[in-house]
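What you see is a predicted model, and the numbers here were worked out from it, not measured in a lab. In the text below, chain A, chain B and the rest are named by the order of the sequence lines, each starting its count at 1. For the numbers below, each heavy atom of this structure counts, side chains included, while hydrogens, waters and symmetry mates do not.
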Amino acid sequence: MGKSRKILHMDMDYFFAQIEERENPQFKGNPLVVGADPKKGKGRGVVSTCNYEARKYGIKSGMPISRSYKLAPEAIFLPVNMSLYKKVSDSVFRVASKISPEMEKVSLDEAYIDITKKVKNYREAEGVGKKLKREILKKEKLTCSIGVSKNKMMAKIACELAKPDGIKVVPPGQVTGVIDGMDLETVPGIGPKTKKLLKEVLKKENPKIKDALSLSKEELMDLLGKRGGEFYHKFRGIDDSSVVEKRKAKSIGKEHTFQKDTRDSKEIIKVFKSLVGDVYRQAKDKRVKGITVVCRYEDFETHTKQISFETRMRSKELFYKKSVPLLLKFLMQSNKKLRLIGFRVMIK
DNA sequence: AAGTTCTTATTAC
DNA sequence: CTAACGGTAATAAGAACTT
């Protein structure tokens, strides 16, 4: 007893949209979409977050904004106000880190907290989770959901089950029962492509986690490489990854999608230089290992060109000199118009 | 043959 | 009718190139 870890996963409910509702209470009860400008259904971006009323229309995060507009033209569409969300996020994490400093931020609205040293059992862990929910609500007037279990994967799955505005504790003895009947994509790291491969190997239309238990570790590794070995354990509710407090960035980059696909090299270079300038601001004085230039053509085909070299990011000029020729190669290699360009520096 | 660099694919939020 | 699809970052795998 007391051998297992106690990991808590906190996820803010429909974060960006909930903040907008808080700022504009008249929006509550109406479908609300935060994301790109829909421009009468012609916008190019995607939905960042939407509230539950919007979800009733089939709108979801990551969906093209044009499609969400067709589903609910009467919805309220708001632009992303990132500096506000960042401020709220910092405040929420300040509250959360009082629970335990062993906290890993996953994004602006999600974190894992290792509370193994703070509680004796899962009953106490549930109390800690409820307290955190209360404190976030008091401080920021926002709700979140919380999952608690013996590892990060199970805490995240529990949190998913708790949404919205709930808490779910999955003690070790219940882990298998909880995940057995779930979809393969419930396992973090399994997306549409991996699911398809597993579906083929299992010869089943709608395989569940319990079906995947028939695959040996070797079979999974042959099919999916290193990740396959991890999935073998994850299917069994095992995840030994630790809660990591500070992950330092390994790269910093910026991308831009044009309003309209273009081959106008004047415009392309102008935008590109501003991307490099933005990256320079963020990566100033960092030790750089190399750069990557990205280009997406009008047909969505995406390519990268990369150069390795070590330097300290002191001026923009060297980076222009190294990267602009790579960008121009994309224009020379093909007659297609460009949809997106990007610049990234690898650091360390 | 080994080590490094470059490119693509996949995933997540 | 089909396609529609941002921005940022990590990680893995394999190809291509160097030493």
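- When rounded to the nearest whole Å, the span between CZ of A/Phe16 and P of C/dG6 equals 17 Å.
- Taking 4.0 Å as the cut-off between side-chain N and carboxylate O, A/Glu124 and A/Lys6 do not count as a salt-bridged pair.
- The phosphate of B/dT8 (OP1 or OP2) has a side-chain N or O of A/Thr304 nearer than 4.0 angstrom.
- Spacing between atom CZ of A/Phe300 and atom C1' of C/dC5 amounts to 5 Å, rounded to whole angstrom units.
- Annotation: C/dA4 and B/dA12 have their P atoms spaced 23 Å apart (nearest Å).
- The side chain of A/Lys250 approaches C/dT11 more closely than any other nucleotide in the set B/dT11, C/dC5, C/dT11.
- Atoms CG and CD, from A/Leu84 and A/Glu23 in turn, are 5.5 Å apart once rounded to the nearest 0.5 Å.
- Between the CG atom of A/Leu326 and the P atom of B/dC6 there is a distance of 10 Å, given to the nearest Å.
- For A/Gly62 and A/Lys226, each mapped to the nucleotide of DNA chain C holding its nearest heavy atom, the one lying further toward the 5' end belongs to A/Gly62.
- Residue A/Thr257 places at least one side-chain N or O closer than 4.0 Å to OP1 or OP2 of C/dG7.
- Taking only side-chain nitrogens and oxygens, A/Thr194 never comes nearer than 4.0 Å to OP1 or OP2 of B/dT10.
- Here the side chain of A/Gln306 is nearest to one of B/dT8, C/dC5, B/dC6, namely B/dC6.
- Contact between the side-chain N/O atoms of A/His256 and the OP1/OP2 oxygens of C/dG6 is not found at any separation under 4.0 Å.
- Of the two residues contacting DNA chain C, namely A/Ala249 and A/Ala36, the nearest-nucleotide position lying further toward the 5' end is that of A/Ala36.
- Contact annotation for A/Ile65: no contact, since no heavy-atom pair falls under 4.0 Å across all strands.
- Within the 4.0 angstrom heavy-atom criterion, only backbone atoms of the sugar-phosphate kind lie near A/Ser251; the bases stay farther away.
- If you check every strand for non-hydrogen atoms under 4.0 Å, A/Lys156 touches sugar and phosphate atoms only.
- Residue A/Asp261 contributes atom CG, which lies 11 Å from atom P of C/dA4 at whole-angstrom precision.
- Taking atom NE2 on A/His303 and atom P on B/dT8, their separation rounds to 6 Å, with Å as the unit.
- Backbone-only contact: A/Ile190 has heavy atoms under 4.0 Å from sugar-phosphate atoms and none from a base.
- C/dC5 and B/dC13 are spaced 23 Å apart, taking the P atom of each and rounding to whole Å.
- Atoms CG (A/Asp299) and P (C/dA3) sit 14 Å apart, rounded to a whole Å.
- Atom P of nucleotide B/dT8 and atom CD of A/Glu301 are separated by 9 Å, given to the nearest angstrom.
- For the pair A/Leu197 CG and C/dA12 P, the interatomic distance rounds to 17 Å; values are reported in whole Å.
- For the salt bridge (charged side-chain N to carboxylate O under 4.0 Å, His left out) criterion with A/Asp11, the lone passing option out of A/Lys163, A/Lys105, A/Lys133 is A/Lys163.
- Using a 4.0 Å heavy-atom distance criterion, A/Lys305 is classed as a sugar-phosphate-only contact.
- Closest to the side chain of A/Arg339, out of C/dG6, B/dT8, B/dT11, is C/dG6.
- Between A/Tyr14 and A/Tyr52, the distance from one ring center to the other falls under 6.0 angstrom.
- Aromatic pair A/His233/A/Phe235: centroids not less than 6.0 angstrom apart.
- For the side chain to side chain contact (heavy atoms under 4.5 Å, CB included) with A/Glu110, the lone residue among A/His9, A/Met12, A/Met10 that qualifies is A/His9.
- Among the nucleotides B/dT7, C/dC5, C/dT8, the one closest to the side chain of A/Arg344 is C/dT8.
- Counting any heavy atom pair closer than 4.0 Å across all strands shown, A/Arg247 reaches no nucleic acid atom.
- Side-chain atoms of A/Arg296 lie closest to C/dG6 of the nucleotides C/dG6, B/dT10, B/dC13.
- A cation-pi arrangement, defined by a distance under 6.0 Å to the six-membered ring centre and an angle within 45 degrees of its axis, is present between A/Lys273 and A/Tyr320.
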